[in-house]
Participant: 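Next up is a structure, given as structure tokens.
Indexing begins at 1, ligand by ligand and atom by atom, following the structure's order. If you read the sequence from its start, that first residue is 1, and numbering goes on from there.
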Amino acid sequence: MRAFAEADAPALVSWVDGPATLVMWSGPSGFTWPLDRAQLARYSAKAGPGLRIWTFTDEENPAEPVAHASLAVDPQGRTARLGRVLVDPAQRGRGLGAALVRAVQRVAFDEVGVHRLGLGVFAHNGTAIALYERLGFVREGISREVVEVDGTWWSSIEMSMLDREWQDLGPDATTPSA
Ligand SMILES: CC(C)(COP(=O)(O)OP(=O)(O)OC[C@H]1O[C@@H](n2cnc3c(N)ncnc32)[C@H](O)[C@@H]1OP(=O)(O)O)[C@@H](O)C(=O)NCCC(=O)NCCS
């Protein structure tokens with residue numbers, strides 16, 4: 001993983017194939033359809049200690065972006081929020097999403113030292129919910145009908161993981177493989 005660069009914008013734009021995908025990826029606010037390089041330039045300009053924005057690349061082809069994520073950290077470094085998780089549609093279903101979330105968990109819990117890592121996921125996004133649960137996140141509750149997409153109101157589930165739950169996973173889960 002490395003810092004998101006403007007050169008990664010075309011790949012990201014190509015992965016977001018419609019307004020529904022844009023909302024699924026980025027939530028109810030932040031970006032407008034169609035996503036473009038100017039919006040991504042404004043987004044990447046906000047990166048810093050309080051907002052880490054990453055591009056994930058293929059190990060065999062380090063120049064090729066395959067996924068994206070961000071981590072918003074509060075000023076005291078006690079809590080953080082995982083966001084903007086997106087894997088290249090051509091690369092899904094082979095464990096990249098899981099590797100990405102594990103990498104962000106390591107930064108949040110082992111490097112920043114947060115107590116709580118939270119995230120929001122739409123209630124009908126079963127793949128993402130199953131992924132987060134498999135990696136230790138717990139469902140907290142639902143915010144009903146937060147955004148209307150193509151005439152349907154989408155609800156959002158709040159999930160979180162705490163530092164003690166991360167520690168309980170043990171080194172096999174939390175240490176990167178060589
Ligand atoms: C959600 C998302 C990030 C998952 O990424 P991914 O790379 O496909 O994730 P993984 O491969 O780790 O796991 C996803 C699925 O592949 C399966 N899988 C993982 N490794 C696999 C492998 N080696 N072989 C076959 N299947 C595998 C998982 O079991 C899981 O199955 P499911 O669809 O039945 O739940 C991706 O679908 C995405 O970008 N979606 C659009 C944006 C989005 O929804 N972001 C989340 C916002 S909160």
Participant: Go through it in stages, so that I can follow the logic: the residues are V87 and W15, the test is side-chain contact (heavy atoms from CB on, under 4.5 Å), and I'd like the CA-CA distance, side-chain angles, deciding distance and then a yes or no.
Facilitator: CA-CA 8 Å; V87 171; W15 302 341; over 6 Å; no
Participant: Are there over 12 heavy-atom neighbours, none belonging to R92, within less than 6.0 Å of that residue's CZ?
Facilitator: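 More than 12 heavy atoms, drawn from other residues, nucleotides or ligands, come within 6.0 Å of this atom.
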Participant: When you look for heavy atoms under 4.0 Å from ligand 1, do you find them on the side chain of R134, its backbone, both, or neither?
Facilitator: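 The part of R134 near ligand 1 is the side chain, not the backbone.
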Participant: Going by a strict under-4.0 Å cutoff (protein heavy atoms only), does atom 31 (O) of ligand 1 have a neighbour on the protein?
Facilitator: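 Protein heavy atoms within 4.0 Å of atom 31 (O) of ligand 1 - there are none.
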Participant: Determine whether the side chain, the backbone, both or neither of N125 has a heavy atom under 4.0 Å from any heavy atom of ligand 1.
Facilitator: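 Under 4.0 Å from ligand 1, N125 contributes side-chain atoms alone.
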Participant: For ligand 1, is there an N or O atom under 3.5 Å from any N or O atom of G97?
Facilitator: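 Yes; the residue has a nitrogen or oxygen that sits under 3.5 Å from a nitrogen or oxygen of the ligand.
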Participant: With heavy-atom distances below 4.0 Å as the criterion, list the atoms of ligand 1 near M24.
Facilitator: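 Close to M24: 44 (O), 47 (C).
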Participant: Can you pull out the closest protein heavy atom to atom 19 (C) of ligand 1? Residue, atom name and distance to 0.1 Å, please.
Facilitator: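 For this ligand atom, the closest protein heavy atom is G95 N, 3.6 Å.
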Participant: Pick whichever of V85, L119, L82, I129 has a heavy atom sitting closest to atom 3 (C) of ligand 1.
Facilitator: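 The option holding the nearest heavy atom is V85.
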Participant: For L131, counting its heavy atoms only, list the atoms of ligand 1 lying under 4.0 Å from any of them.
Facilitator: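 So the answer, numbered in order with elements, is 12 (O).
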Participant: Run the contact test for Y132 against ligand 1 with a 4.0 Å cut-off on heavy atoms, strictly below, and give the result.
Facilitator: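 For ligand 1, residue contact (heavy atoms, under 4.0 Å) with Y132 is present.
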Participant: Looking at every non-hydrogen atom in both residues, tell me the closest pair between E158 and R116 and how far apart they are.
Facilitator: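 Taking E158 first and R116 second, the nearest heavy atoms are OE2-NH2, 3.5 Å.
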Participant: Counting only heavy atoms not in N61, do more than 12 sit closer than 6.0 Å to its CG atom?
Facilitator: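 Result for CG/N61: enclosed.
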Participant: In terms of ring plane angle, is the pair Y43 and H68 parallel, tilted or perpendicular, where the classes change at 30° and 60°?
Facilitator: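 Aromatic pair Y43/H68 classed tilted.
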Participant: Checking a contact table here: which protein heavy atom is nearest atom 5 (O) of ligand 1, and how many Å away?
Facilitator: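 Scanning the protein heavy atoms, the shortest distance from atom 5 (O) of ligand 1 goes to V87 CG2, 3.6 Å.
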Participant: With the side chain counted from C-beta on, respond yes when V85 and Y132 share a heavy-atom pair under 4.5 Å apart, and no when they do not.
Facilitator: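 V85 vs Y132: side chains touch.
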Participant: Counting heavy atoms only, name the option from R84, M159, R92 that's nearest to atom 40 (N) of ligand 1.
Facilitator: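 Going through R84, M159, R92 one by one, R92 has the nearest heavy atom to atom 40 (N) of ligand 1.
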Participant: Any nitrogen or oxygen of A130 lying under 3.5 Å from a nitrogen or oxygen in ligand 1? Just yes or no.
Facilitator: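 The answer is no, given that A130 and ligand 1 share no N or O pair closer than 3.5 Å.
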Participant: Please indicate, with yes or no, if any protein heavy atom is found under 4.0 Å from atom 43 (C) of ligand 1?
Facilitator: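 Yes, at least one protein heavy atom sits under 4.0 Å from atom 43 (C) of ligand 1.
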Participant: Ignoring hydrogens, just give me the one of A99, G93, A128 whose non-hydrogen atom is nearest atom 21 (C) of ligand 1.
Facilitator: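 Closest candidate by heavy-atom distance is G93.
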Participant: Might you check, step by step, whether the distance between atom 34 (O) of ligand 1 and some protein heavy atom is under 4.0 Å?
Facilitator: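 Given the 4.0 Å limit, the answer for atom 34 (O) of ligand 1 is no, no protein heavy atom qualifies.
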Participant: If we count only N and O atoms by modelled type, under 3.5 Å, do the side chains of S160 and E140 hold a donor and an acceptor together?
Facilitator: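 Present: a donor and an acceptor within the cut-off.
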Participant: Decide side-chain contact (heavy atoms from CB on, under 4.5 Å) for V101 and F137; before the verdict, give the C-alpha distance in whole Å, the side-chain angles of both, and the deciding distance to 0.1 Å.
Facilitator: CA-CA 10 Å; V101 174; F137 286 85; 3.8 Å; yes
Participant: Atom 14 (C) of ligand 1: which protein heavy atom is closest, and how many Å away?
Facilitator: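 For atom 14 (C) of ligand 1, the nearest protein heavy atom comes out as T127 CG2, 3.9 Å.
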Participant: Give the numbers and elements of all ligand 1 atoms closer than 4.0 Å to a heavy atom of V121.
Facilitator: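 Contacts of ligand 1 toward V121, numbered from 1: 48 (S).
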Participant: Does some side-chain heavy atom of L96 sit less than 4.5 Å from a side-chain heavy atom of R94?
Facilitator: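 Sidechains of L96 and R94: in contact.
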Participant: For the hydrophobic clusters of this structure (ILVMFWY residues joined by side-chain heavy atoms under 4.5 Å, transitively), does one cluster hold both W25 and L100?
Facilitator: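 Different hydrophobic clusters.
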Participant: Report yes if some N/O of A98 lies less than 3.5 Å from some N/O of ligand 1; otherwise report no.
Facilitator: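 Yes; the residue has a nitrogen or oxygen that sits under 3.5 Å from a nitrogen or oxygen of the ligand.
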Participant: Does a salt bridge link R139 with E133, judged by any charged N lying under 4.0 Å from a carboxylate O?
Facilitator: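 Yes, R139 and E133 are salt-bridged.
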Participant: Atoms of ligand 1 less than 4.0 Å from G120 heavy atoms?
Facilitator: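 Listed by number with element: 48 (S).
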Participant: Answer with yes or no whether the side chains of Q39 and R42 bring together a donor and an acceptor at under 3.5 Å.
Facilitator: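 Side chains of R42 and Q39: no pair found under 3.5 Å.
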